[in-house]
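FYI, the numbering just counts along the sequence from 1. All ligand and atom numbering here is 1-based and tracks the order in the structure.
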Amino acid sequence: MKKVFLLSLVLHSALLTSRLAAQNPVIRDQFTADPTARVFDGRLYLYPSHDIPVPEGARPNWFSMADYHVFSSEDLTTWQDHGVIVTQNAVPWGKPDAYSMWAPDCVRKNGRYYFYFPNAPKEGRGFAIGVAIADSPTGPFTCEPEPIRGVSGIDPCVLVDDDGSAYIYWSGMGIRGGKLKDNMLELDGELQEVQMPRREGAPEMPPMKVGGQQMEGLPDGFKEGPFAFKRGDWYYLTFPWVRGDTSKGDNPTETLAYAMSKSPLGPWTFKGIIMAEHENRCWTNHHSLVEYKGQWYLFYHHNAFSPGDDKRRSVCIDKVAFNADGTIQEVTPTRRGVGICPATMRLEVDRYGAAGKGVTTALNDTVNTFLGHHATLPHKGSWLTFADVDFSGLSDAYVMLRVKADENTELAIREKNAKGKVIARFKVTVKSEVTRPGAPAPFRRDQSGQWLTLTLPLDYAPKGIADIAVTCEDKAVSVDWIQFRNRPLYFTPVAKGAAPSQPDESGYIRRWRLMEPIKQDIRSNVIFTDSWLRKTFADELAKLPQRKAKWYTLESAGYNMKLFRFAEKYGSQLYGNLFWCETYIDCAEDIANVRLAAGSNGASMWWLNGEEVLLLEGDRRMVADDGVSSRLTLKKGRNTLRCAVINGPGLSDVCAHFIDEKGQPITNFQIQ
Ligand code: FUB
């Protein structure tokens with residue numbers, strides 16, 4: 001092959017990467033088709049083609065592809081887009097505006113990555129197949145200056161055999177295959193002169209030089225997109241195939257079919273179908289099969305994000321199994337796809353595994369189709385299930401869901417199936433008000449006013465990996481997604497007998513014993529004057545020994561104890577509370593001339609060993625060192641620091657530390 005300098009494609013960049021999470025289709029922010037999946041060093045890489053809307057001037061209603069992205073995944077659920085690796089205007093031999101970057105492949109040989117792709121050549125007709133080379137599966141890829149000689153067609157696939165020999169298969173005048181030279185860039189063997197069939201009226205063309213050989217033993221009918229692989233000592237040649245009768249004018253669409261052989265270039269024995277025609281008549285299908293972490297998967301495409309346009313497609317994945325004799329079991333496409341979904345990821349439950357009678361799905365937005373789908377459960381008793389949700393990462397969790405519901409609708413999320421244990425449920429009681437029986441459910445409406453995003457507490461959280469069901473308990477309800485979330489950790493309970501805590505490096509006391517909030521009826525914080533506070537706190541202090549209230553010992557995650565979050569978890573109302581807080585400070589010796597520096601939202605009063613030491617009056621926000629006491633002594637042994645914080649409307653909060661004469665934090669004590 002002519003030695004010419006290589007044009008570097010620098011569009012690859014780790015900087016372009018972005019993360020996507022998905023059910024079927026797996027890539028949800030752009031169209032992807034013709035997926036070739038490859039496993040390199042234990043990670044799965046996906047090399048699809050990239051459909052885009054037809055640009056002005058390009059052939060209408062046709063395929064339109066200007067570049068290639070590469071994606072990768074560890075769990076087949078979370079996908080990383082590594083960005084563009086090859087573009088049409090950077091292919092030295094290609095037409096820069098042909099939008100013909102059809103199905104590609106990428107293989108590794110001797111530590112280098114060879115990316116094979118079709119494109120329209122600058123000169124001549126039809127398609128040629130070029131190669132771009134990289135040292136990593138995500139590039140940067142450098143394009144070879146010329147396409148492969150003798151390979152005229154589309155949909156390249158390369159099989160690297162156990163002995164290192166490589167074979168290329170492509171679609172052009174049927175399916176052809178040939179051995180590649182060791183350099184992976186040239187066909188091994190002579191090219192033959194072939195006179196291309198000529199359309200009526202078209203000018204006579206010189207014969208073409210074609211390499212490889214026709215793959216023998218395949219069924220009649222249109223075939224393209226060969227994908228060859230080896231499993232045990234069987235070679236498989238799989239391909240999209242139109243089995244229907246094209247002469248009857250009903251325009252049959254593609255299946256995925258396969259043949260087997262004991263040799264890489266056949267002859268082949270046709271075995272049958274891997275996937276039947278798509279139900280909605282998406283004309284093409286295109287695929288690859290790969291074994292990943294002990295399971296075989298079929299990657300294929302469908303037009304889930306463009307139901308009216310089968311030239312804008314999206315990659316899907318389903319599991320595939322082999323029979324003992326090596327034949328392949330037929331795969332039924334699913335919405336759910338594969339992979340275990342962490343409960344904390346957005347679960348697109350409209351991508352259900354199974355559903356009861358009458359359940360339907362529809363696009364959320366027919367213009368921006370990447371906003372996905374929703375499922376409608378039409379009546380009481382309708383259900384859908386969504387498999388393999390991993391709840392193990394949940395601790396203190398709640399669930400969010402996006403729904404469209406009518407008056408008196410009730411919806412439940414259950415474990416396992418439609419009769420399973422309730423995880424959470426809600427009811428629409430009066431127009432526009434959604435409640436969970438007994439407790440208000442915060443919700444947001446979208447601009448249309450139809451969709452609600454609800455936040456619900458959990459009745460119960462499954463353990464480990466579980467299937468979930470969504471059930472309609474009353475009138476029709478539509479559901480878009482469900483997502484479980486952990487509440488941020490504001491504080492953690494301290495077990496009885498736990499080791500003492502230390503002040504943090506700024507001396508802040510993070511361990512507090514808090515009494516469950518005492519409800520107050522306070523409309524405005526302007527009442528927090530000295531005299532009002534003294535009276536209120538004195539009365540409360542007197543009542544304290546009789547109060548039959550619960551106390552909680554908590555370690556705060558930050559320097560301040562978020563009393564608002566404490567009220568949210570343990571109180572009966574969020575706003576309008578009085579909080580009693582205590583902490584026990586053990587000193588190895590007297591520490592004299594210290595001051596208490598504290599802040600609170602709203603007002604607070606402080607006692608050290610029963611003596612009042614500080615009052616923060618008025619409507620305050622919590623600011624560190626907002627108030628500082630006069631000089632104090634922390635005595636040898638146990639000291640009790642107590643405060644009462646009172647707040648009406650607003651978020652309650654408190655922080656305290658001791659400082660020395662120079663304002664430096666005191667840290668040489670322990671907190672029980
Ligand atoms: O994506 C363009 C073409 O459609 C592919 O190359 C064919 O296999 C078919 O999927």
Side-chain angles (χ1 to χ4, degrees), residues 25 27 30-37 46-55 58-70 86-88 91 94-95 98-106 115-121 126-130 147-148 151-158 168-177 215 218 221-228 237-243 246 251-258 274-278 280-289 298-306 309-317 333:
I27 309 296
Q30 59 195 287
F31 294 115
T32 49
D34 309 326
T36 300
L46 175 62
Y47 298 89
S49 41
H50 179 198
D51 289 338
I52 55 171
V54 179
R59 180 172 167 185
N61 306 320
W62 192 238
F63 301 107
S64 189
M65 291 115 122
D67 59 30
Y68 297 101
H69 284 232
V70 56
V86 176
T87 64
Q88 62 177 0
V91 177
K95 266 196 199 132
Y99 297 97
S100 298
M101 311 212 71
W102 289 15
D105 190 9
C106 186
F115 181 74
Y116 296 83
F117 60 97
N119 191 11
F127 279 83
I129 287 173
I148 306 176
V151 178
S152 173
I154 58 170
D155 300 347
C157 164
V158 171
I168 185 165
Y169 308 80
W170 69 98
S171 153
M173 297 180 299
I175 291 179
R176 295 184 76 83
M215 293 297 91
L218 308 185
F222 181 80
K223 295 174 287 298
E224 59 177 347
F227 182 81
L237 182 60
T238 66
F239 46 90
W241 172 51
V242 178
R243 63 175 161 181
T246 41
N251 193 20
T253 62
E254 287 181 335
T255 64
L256 298 176
Y258 74 109
I274 306 172
M275 183 174 272
E277 294 85 351
H278 282 312
N280 72 338
R281 300 186 61 83
C282 172
W283 200 89
T284 64
N285 199 349
H286 188 119
H287 67 297
S288 56
L289 286 95
L298 174 70
F299 285 68
Y300 60 98
H301 71 220
H302 190 214
N303 60 335
F305 287 140
S306 61
D309 176 359
D310 68 356
K311 308 287 183 298
R312 271 22 74 186
R313 299 152 296 174
S314 295
V315 169
C316 298
I317 316 173

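- Between H287 and F227, the ring planes are perpendicular. Angles over 60° get that label, and only those under 30° would be called parallel.
- Contacts of H69 classified as ring pair (Phe, Tyr, Trp, His ring centres under 6.0 Å), with partners at least two apart in sequence or in another chain: H50, F71.
- For W102, the ring pair (Phe, Tyr, Trp, His ring centres under 6.0 Å) criterion is met by F63, F127, not counting sequence neighbours.
- In this structure, ligand 1 sits under 4.0 Å from heavy atoms belonging to D34, F63, M65, W102, A103, D155, E224, T284, H286, H301, R313.
- Here the closest non-hydrogen pair linking N61 and V54 is N-CG2, 4.2 Å.
- Checked by atom type and distance alone, the side chain of D67 never pairs as donor or acceptor with a backbone atom of T87 at under 3.5 Å.
- By the side-chain contact (heavy atoms from CB on, under 4.5 Å) test, N251 pairs with R281, W283, sequence neighbours left out.
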